[in-house]
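Below: one structure, written as structure tokens.
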Amino acid sequence: MPELPEVETTRRGVAPHVVGQVVSRLVVRDRRLRWPVQQGLEDIVGGQAVLAVDRRAKYLLFRMERGSLMLHLGMSGSLRVLLEPAPPRLHDHLELILSSGASLRYTDPRRFGSLHWLPGESASHPLLCRLGPEPLAEQFQGDYLHSLGRGRRSSVKSFIMDASVVVGVGNIYACEALHVAGIHPARAAGRIGRERYQRLAVAIRAVLEQAIAAGGTTLRDFVGAGGQPGYFSQALRVYGRAGEPCLRCAAPVRVQRLAQRSTYYCAACQH
DNA sequence: CCGGACGCCTGTCGGC
DNA sequence: TGCCGACAGGCGTCCG
């Protein structure tokens, strides 16, 4: 489910409730996530204070005194703040109980999410060390995409969804950014000029920032830390709009499978 | 090295 | 109404 804006929305919603708190208890109700949750993690985490909540790519990083908890929301995960205890429901797999009495509850029907413990300063976890730049960082520019894309024959859509190229861009925002930039999603990454990559980089950043401002996109089950849906669904230009008129030129939005993912675009104004 | 296909899971929806 | 296949916001792994 969540792409970068949904993870960032979650981070912002959760941080005020956890930073400065001590974890009185971690409850693991189901260890069977994407990777089994490490045995004994409860003992490691219990008693430690949370110093900060960061985000790297689509991972949430709870910085603690002796290391970091790294949480991924997978395809269907969400993390909510509970201000007082409430009985767990189906698919409520994790709970971080805080000294304030509040808790963070992780719900994930498909269990594609994950929870890891990174001891100490270990910033070089195998899942983190090959990641590309953050799309909202200064150094993410069209020139970077242009030089990295040189010679690549894969579609530009797969290219920008590749986390070793740039992180955080999933299926929705790849479609949206390509529409804003006027680039056809199936065009080979190596056959796009510097100017158009500049436009694409700007479009990626703009779309992600707008989505963050709207609290993310809710299609089915995404909710922010307070349980609220994301309102960027209202602002989607092409995603999920097959057959409806393109907002720029009124031609019908098309959908095609590209690398196993539904890809929405306007054949009239994306080239 | 690169790119595409697969599989992990559960829930939902559309068609028959 | 019930069943069945397709599909869903991610991503590591495997194979050609």
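Residue numbering restarts at 1 for every chain, and letters A, B, ... go by the order of the sequence lines.
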Just to be sure I understand the rule, does [X] reach a base, reach only the sugar-phosphate, or reach nothing, if contact means heavy atoms closer than 4.0 Å?
X: Y59(A); answer: sugar-phosphate
X: Y173(A); answer: nothing
X: R130(A); answer: nothing
X: S262(A); answer: sugar-phosphate

Separation of [X] atom [atom1] from [N] atom [atom2], in whole Å?
X: L127(A); N: dC11(C); atom1: CG; atom2: P; answer: 10 Å
X: F222(A); N: dG9(C); atom1: CZ; atom2: C1'; answer: 10 Å
X: R110(A); N: dA6(C); atom1: CZ; atom2: C1'; answer: 12 Å
X: R55(A); N: dG10(C); atom1: CZ; atom2: P; answer: 14 Å
X: L236(A); N: dG9(C); atom1: CG; atom2: C1'; answer: 11 Å

Within a strict 4.5 Å, meaning less than it, do heavy atoms of the L178(A) and H184(A) side chains meet? no
Can you label the angle between the Y59(A) ring and the H72(A) ring as parallel, tilted or perpendicular, going by 30° and 60°? perpendicular
Under 3.5 Å, side chain of Y197(A) to main-chain N/O of A189(A), donor-acceptor pair present? yes
Do R12(A) and E8(A) meet the salt-bridge criterion of a basic N to acidic O distance under 4.0 Å? yes
Nearest-nucleotide pick for [X], side chain only, options being [options]:
X: I172(A); options: dC9(B), dA5(B), dG9(C); value: dG9(C)
X: W35(A); options: dG12(C), dG9(C), dA5(B); value: dG12(C)
X: L90(A); options: dA8(C), dG3(B), dG11(B); value: dG11(B)
X: S158(A); options: dG10(C), dA5(B), dG4(B); value: dG4(B)

Does F112(A) stack onto the base of dG10(C), taking stacking as ring centres under 5.5 Å apart and planes under 30° apart? yes
Base dC9(B) to side chain R111(A), donor-acceptor N/O within 3.5 Å cut-off: no
Is the shortest side-chain N/O distance from [X] to OP1 or OP2 of [N] below 4.0 Å?
X: H91(A); N: dG11(B); result: yes
X: R32(A); N: dC8(B); result: no
X: H72(A); N: dC11(C); result: yes
X: S76(A); N: dA8(C); result: no
X: R152(A); N: dC1(B); result: no
X: R34(A); N: dT10(B); result: no

Under a 3.5 Å cutoff, is there a donor and acceptor pairing between the side chains of S262(A) and R257(A)?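 S262(A) vs R257(A): donor-acceptor pair found between side chains.
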Between Q21(A) and S99(A), is there a side-chain donor-acceptor contact under 3.5 Å, judged purely by atom types and distance? yes
Determine the interatomic distance between P on dC6(B) and the same-named atom on dA6(C); round to the nearest Å. 13 Å
Considering only atom P, compute the distance from dC14(C) to dC9(B) and round it to an integer number of Å. 16 Å
Only pairs with both distances under 3.5 Å count, Watson-Crick or wobble alike; so what is the partner of dC6(B) in this structure?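 Its partner is dG12(C) (Watson-Crick or G-U wobble, both distances under 3.5 Å).
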